[in-house]
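Ligands are counted one by one from 1 in listed order, and the atoms in each one are counted from 1 as well.
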Amino acid sequence: MSDPLIIFDTTLRDGEQSPGASMTKEEKVRIARNLERMHVDVIEAGFPIASRGDFEAVHAVASVIKDSTVCGLARALDKDIERAGEAIRPANSGRIHTFIATSPIHMKMKLRMQPDQVVEQAITAVKKARQYTDNVEFSPEDAGRSEPDFLCRILEAVIDAGATTLNIPDTVGYNVPEQFGALIKELRERIPNSDKAIFSVHCHNDLGLAVANSLSAVMNGARQVECTINGLGERAGNASLEEVVMAVKTRQDIFVCNVDHIDTTQIVSSSRLVSGITGFAVQPNKAIVGVNAFAHESGIHQDGVLKNRETYEIMRAQDVGWSDNRIVLGKHSGRNAFKTRLKELGVEFDSETELNDAFARFKELADKKHEIYDDDLQALVTEANLEAENENIRLVSLKVCSETGETPHAEITVESNNKEYTATSTGGGPVDAAFKALESIFHSGSELLLYSVNNITSGTDSQGEVTARLKKDGRIVNGQGADTDIVIASAKAYINALNKIQADADRAHPQTGDV
Ligand code: KIV
Ligand code: ZN
């Protein structure tokens, strides 16, 4: 029997550090539920000291997730560790992940500390974290540019202090696979108590090598990989969960560990959820989760695949959750058929009221669109979640006029704090006019950083899924909306973003303003 490879997902923490990828507490809980359904071992839910919102998100994830370990990040500081310890308290299984930089450049220029002080602080931090949980992970930040002798010294000391996982980050994505694998091997061989901890890796993708470096580390004894859905993360991102998992699963002939516990059929839905929430589109040719990942355009390939799938396919699309997107329901489908199909897609309702609301939306959609696909159903559920988030502002009605030779204009009515407001505006197009009308009501003064429209299925009757990314006082939020009318979807997305701006506070970044 080979060892299971521990999958540590940091989409909600490192993924969220990607500029513009901010998530609300409710969105984090939704993603965490998907990850739990996938049987991901550890979910790093955030950096609790960063802000009240981050703390609450980690606490909320720790309260609802039962089967995965929930982890909170903390610098090697008492106040960070106390906050992380509080945030993970409700978890069935909770972990504190504490870190301090160990590369000469980080110690000298960022921390302004001597190596001896760094070792002392790491030991103190791990001991402190052990007061909250016996599941403590330690990371020597920028390990990929640290001196191996110093790494051996600090890692031996933190194992003695009680660290159970040693995570080796290539923080700036500088390493190459052979060298990074050799580093893991060297650390395991040279640290006398290395058998008392699990070796983990955390690779960034600045040179496009995050997955390759992670897999090389696994071949050299790492038994935990830190990764994110769609490879989301700081700068060029982190190692992508779907690529790491599917590489280990597909190449069981060469890996001596396995990912048998991971339900890979949840990968595509998680990818879509993360991309929808963050507004970070997945490139079509992205491995595993890109829309073209299993598409065969060339005649030779198509011919081969028809004769025998394995001529050109090394994985089955269904194994990662690509459905054939069949027409599942229509206008005459009943509540039971609706509920059953959503259950098959992994969506369950917490109450009869939620189910009834979703069914009412489905009927409304079925009136506009005859063929309802799986993707439409998932968008309906997202839409219901968004409405629940829109606590302050709600769209009541929208009328737009767009005519050749005329200036487009919009009239919008919204409800806010039990009062209705109506405004009209002209604009470059109907969407621009609708956004300007909204601004004339709320004067949010925010900057529109991104506006994108995606069709959920094919065909002109498809629902459009819109992301509107707004920036206000340095804080970035992503609003989403879906509708068969893309102007209405756009207004919903803008309103969702305004609601998030009203609900949000400033927060800090884990790797700046250090110790
Ligand atoms: O990239 C990094 O070094 C990190 C640490 C906090 C593990 O994200
Ligand atoms: Zn990182």
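- In summary, E234 places no N/O/S atom under 2.8 Å from the Zn ion (ligand 2), failing the contact criterion.
- The ligand atoms of ligand 1 that sit less than 4.0 angstrom from a heavy atom of E141 are 3 (O).
- Remark: ligand 1 atoms within the under-4.0 Å shell around heavy atoms of H204 are 1 (O).
- With a 6.0 Å cutoff to the six-membered ring centre and a 45° limit on the axis angle, R13 does not count as a cation-pi contact of F47.
- For a threshold of 3.5 Å applied to N or O pairs, the pair formed by D14 and ligand 1 contains at least one separation below that value.
- Distance check, rounded to the nearest 0.5 Å: CG of L166 to CD1 of I191 gives 6.5 Å.
- Once rounded to the nearest 0.5 Å, the distance linking CD of Q266 with CE of M38 reads 6.5 Å.
- Every atom of ligand 1 with a heavy atom of H97 under 4.0 Å away is listed here by number and element: 7 (C).
- Where the criterion is an N or O separation shorter than 3.5 Å, residue side chain and backbone included, T171 meets it with respect to ligand 1.
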Should F138 and N167 be marked as a side chain to side chain contact (heavy atoms under 4.5 Å, CB included) after you check the CA-CA gap, both sets of side-chain angles, and the distance that decides it?
CA-CA 6 Å; F138 173 77; N167 178 47; over 6 Å; no

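- The shortest distance between side-chain heavy atoms of D54 and P48 does not fall below 4.5 Å.
- Contact annotation: for E137 versus ligand 1, there are no heavy atoms closer than 4.0 Å.
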